[in-house]
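What follows is a single structure, written as structure tokens, with notes after it.
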Amino acid sequence: MTVGPLDRAAALDAADPLAGHRSRFITPPAGELLSYLDGNSLGRPLEATAELVGEFIRKQWGGRLIRGWDESWLDWPLTLGDRLGAVALGASAGQTVIGDSTTVLLYKLARAAVDARPGRRTVVLDTDNFPTDRYVLEGVAAERGLRLEWIETDPAAGITAEQVAGVVGDDTALVLFSHVAYRSGWLADVAGINRVAHAAGALTLWDLCHSAGSVPIALDEWGVDLAVGCTYKYLNGGPGAPAFAYLRHELQGELRQPIQGWMGHRAAFEMGPGYEPAAGIRALLSGTPPILAMVPLHANLDMLADAGIEAVRAKSLLLTDLVLDIADEWLAPYGVEVAGPREAARRGGHVTLRRDGFQEFLEPLWDSGVIPDYRRPDGLRIGPAPLSTSFTEVCQGLTVLRDLLEKARR
Ligand SMILES: *Cc1c(COP(=O)(O)O)cnc(C)c1O
């Protein structure tokens, strides 16, 4: 007799070394949540986060007031950046900074990068990258009179080193791709693509929004030049939490970001006449950093350091294996297809399922407390965050989906 998904899920939960972390998360009010499958859009909050935020407001903000800036806040963008770099990004100290949003940091880094390669007139990107990445580069290209070279990627797969090799050349200033594709979940070969881009003399900018906190990253080792990512997906920073930027040591001092505000100045509090960038990664700052919004990151990085990103990835692969099995066993008979890579080496932390008319199922799913995420035109993304999601929870959510599909057939 073959073991069904429910039994398999129970066995996986019983053997899960990370299972204990689930109790660190805030339990939603009874009846509100059966299965959270959207960890790739908005991570869940920790109990420790609620406590830290309250304590910060009462003690630090309420107690220290403006003294807090000198006592520690001014350093947070860099110290938290270093911690994030160590725990999740494979980045040694002094190369990661927290602040702004991913979109704004993309702009700052992309502008800095193309200006640092003045003779080169082309920027390479792909048609299936996240909208904000495409829009920001359209704007940078218009500002700088550059040409965008679009690689057509399969929305059910993703960018390859061969495709990049086919377009880069001595006119390429910069290439920009996502580490994990937001639709298909495709995991790009960052080191391989960097080699191809660097051989052509181009700089590389990577968007890590869908991989940070879910897939191990080795920015230093992979030879990444620049990177950005958000902290509200797998890093559980909360809605609109600040983003991070990475700028390789060797490029600091050479690249100049365009939003030159006082917080990126060499001597912010001298309030002097002209702009002079700070040394090192601090030059990526512009205005007053969003300190309050950085508070949750402390709790999340503690948890991730405890769990270890390799263990998180191991569980993530088991979770998405289970999603693939259920898709094949339970959902395929209703016309559901897997619209993404199946092999572990090319798979990020989520799986996209596709079916005509999937949109109609979203509301009944949400009404039942099952929260996946929908991407036009017909994709349902299943993104189980390893630290907050059990195998049984995934099974329960997809059981509701199967029942809805069955009801729709009758
Ligand atoms: C979520 C996401 C973003 C979001 O950018 P914001 O500025 O935070 O809105 C950007 N890029 C990718 C690939 C994403 O997944």
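Atoms within each ligand, like the ligands themselves, are counted from 1 in listed order.
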Which residue and non-hydrogen atom of the protein lie closest to [atom], and at what distance in Å?
atom	result
atom 7 (O) of ligand 1	Thr103 OG1, 2.5 Å
atom 5 (O) of ligand 1	Thr102 CB, 3.5 Å
atom 9 (O) of ligand 1	Tyr232 OH, 3.6 Å
atom 10 (C) of ligand 1	Phe130 CD2, 3.4 Å

Discussion item. Please determine whether any non-hydrogen atom of Ala243 lies less than 4.0 Å from an atom of ligand 1.
Written reply: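 No; Ala243 lies far enough from ligand 1 that no heavy-atom distance drops under 4.0 Å.
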Worksheet entry | From CA spacing to verdict: ring-ring contact (aromatic ring centres under 6.0 Å, His included), Tyr374, Trp366 | CA-CA 11 Å; Tyr374 168 75; Trp366 280 25; over 10 Å; no
Worksheet item: Considering only heavy atoms, does Thr132 approach ligand 1 within less than 4.0 Å through its side chain, its backbone, both, or neither?
Response: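 It is the side chain that gets close, since no backbone atom is under 4.0 Å.
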Worksheet item: Quick one: does ligand 1 sit under 4.0 Å from the side chain of Leu106, the backbone, both or neither, non-hydrogen atoms only?
Response: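 For Leu106, there is no contact with ligand 1 at all, from either part.
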Discussion item. I'd like to know if the side chain of Glu406 pairs up with that of Tyr334 as donor and acceptor (distance under 3.5 Å, no hydrogens or angles considered).
Written reply: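 Short answer, yes.
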Discussion item. Is it the case that the side chains of Asp126 and Gln163 hold a donor-acceptor pair, with the cut-off being a distance below 3.5 Å and no angle test?
Written reply: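 No - no donor-acceptor pair under 3.5 Å links their side chains.
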Min N/O separation [X] to ligand 1 under 3.5 Å:
X	result
Asn129	no
Tyr182	no
Lys233	yes
Asp207	yes

Pull out every atom of ligand 1 sitting under 4.0 Å from any heavy atom of [X], numbered as shown with elements.
X	result
Cys209	2 (C), 3 (C), 10 (C), 11 (N), 12 (C), 13 (C), 14 (C), 15 (O)
Ser178	13 (C)
Ser101	7 (O)
Asp133	10 (C), 11 (N)

Worksheet item: When you look at CH2 of Trp61, are more than 12 heavy atoms from neighbouring residues, nucleotides or ligands closer to it than 6.0 Å?
Response: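 Not more than 12 within 6.0 Å, no.
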Worksheet item: How about Glu254: does its CD atom have over 12 heavy atoms from other parts shown lying under 6.0 Å from it?
Response: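 Counting other residues, nucleotides and ligands, CD of Glu254 exceeds 12 neighbours.
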Discussion item. Check this for me, if you would: do Arg282 and Asp75 make a salt bridge, where the nitrogen-to-carboxylate-oxygen distance has to be below 4.0 angstrom?
Written reply: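 Salt bridge flag = yes for Asp75 with Arg282.
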Worksheet item: Are Phe177 and Trp186 near enough that their ring centres are under 6.0 Å apart?
Response: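 Aromatic pair excluded; centres sit 6.0 Å or further apart.
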Worksheet item: Side-chain contact, heavy-atom cut-off 4.5 Å: Arg375 with Ser41?
Response: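 Result yes, sub-4.5 Å side-chain heavy-atom pair found.
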Worksheet item: For the side-chain hydrogen bond (donor to acceptor under 3.5 Å, both in side chains) test, which of Lys315, Arg347, Arg342 pairs with Thr320?
Response: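 The residue from Lys315, Arg347, Arg342 that satisfies side-chain hydrogen bond (donor to acceptor under 3.5 Å, both in side chains) with Thr320 turns out to be Arg347.
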Worksheet item: Given Phe56 and Trp76, is the ring-ring contact (aromatic ring centres under 6.0 Å, His included) satisfied, shown in steps?
Response: CA-CA 13 Å; Phe56 178 87; Trp76 278 23; 5.7 Å; yes
